[in-house]
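Read the numbers this way: they start at 1 and go in the same order the structure lists the ligands and their atoms. Atoms considered below: every heavy atom in the structure, side chains included; atoms not considered: hydrogens, waters and symmetry mates.
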Amino acid sequence: KATPRVRQLTTSLIQHLHDYARENELTVDEWMAGLDLLNEAGRMSDDRRNEGQLLCDIFGLESLVDEITYKLASDAQDEPTATAILGPFWRKDAPHKAMGDTIVSGIEAQGDRTYMHGTVTDFRTGKPVEGAVLDVWHTAPNGLYEQQDPGQPEMNLRGRFTTGEDGKYHFYCLRPVPYPIPYDGPAGKILQALDRHPYRPAHIHFILTAPGYKPIITQIFDRNSKYIDDDAVFAVKESLVVDFKPFQGDPNAEFELPYDFKMATF
Ligand code: DHB
Ligand code: FE
């Protein structure tokens, strides 16, 4: 729709594209090579593969837009949980689970079983947030999300948990591993052209929603993971780096991961 905002974004994009072509003296062949890449990205994309997003992500664009969109008020004393990019592998309709349940449904379930727990609070009052929904997803030990991998059960390593009046949450997952973003397409070609690797540090994704609160899209990162200082898509923030701790006395988990989330009202 031709709103003023759409007009602004479109004319500005055209301006920058023209500047880009002029500054680099872009030739017809080079322009066509770029078009091929874009068209290939389009052809590759479907429900399971979002190549356009991968391209934006290796350019750092999703991280920049995340920063611009969710920048904090400069007078914030204490701060709500930092945001991070959504990435291409979230799925809607992840199963609702009972608190304390596991998101691991693969029978192969090798991997370091982890008990994750914490409290969701209002960052201003410190009070627990009731009815917060934690939508969580991460990769299997082979580095693949369930929709990328026919070997995993549908919705493996995904779940939604709802807090009660104490704001507490707890569930079982696996300790994630570093893995490459899909690099068999245009995003991979560009990484290669820039001598860059496709790896992301080990991370777990979350979307937090709660009545009356601003949603938080974020990820937490394993401090001891390879690539923690060199994420292919530039998503790591210090406040989102966490420590997995050896866990004794629970037959269902080798590691414990305590993490509290802080939300802001609208
Ligand atoms: C990207 C993000 C992810 O979380 C992931 O697992 C793979 C790729 C991305 O931003 O492109
Ligand atoms: Fe991811």
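To the nearest 0.5 Å, atoms CE (Met99) and NZ (Lys168) are separated by 11.0 Å. With values rounded to the nearest 0.5 angstrom, Tyr169 atom OH is found 7.0 Å from Asp260 atom CG.
Gln192 pairs by the side chain to side chain donor-acceptor pair (under 3.5 Å) definition with nothing, not counting sequence neighbours. Under the side chain to side chain donor-acceptor pair (under 3.5 Å) criterion, Glu254 pairs with Arg113, not counting sequence neighbours.
Tally of protein N, O or S atoms closer to the Fe ion (ligand 2) than 2.8 Å: 4.
Applying ring pair (Phe, Tyr, Trp, His ring centres under 6.0 Å) to Tyr115 and the options Phe171, Tyr172, Tyr259 leaves one that passes, Tyr172.
A salt bridge is absent between Asp122 and Lys127; no separation between the charged side-chain nitrogens and carboxylate oxygens falls under 4.0 Å. Between Asp19 and Arg22 there is a salt bridge, with a side-chain nitrogen of the basic residue lying less than 4.0 Å from a carboxylate oxygen of the acidic one. For the pair Lys189 and Glu40, the salt-bridge criterion is met [side-chain N within less than 4.0 Å of a carboxylate O].
Annotation: ligand 1 has protein neighbours Leu54, Asp57, Ile85, Gly87, Pro88, Phe89, Tyr145, Tyr179, Ile181, Arg200, His203, His205, Val233, each with a heavy atom less than 4.0 angstrom from the ligand.
Between Tyr179 and His203, the angle of the ring planes lies from 30° to 60°, which puts this pair in the tilted group.
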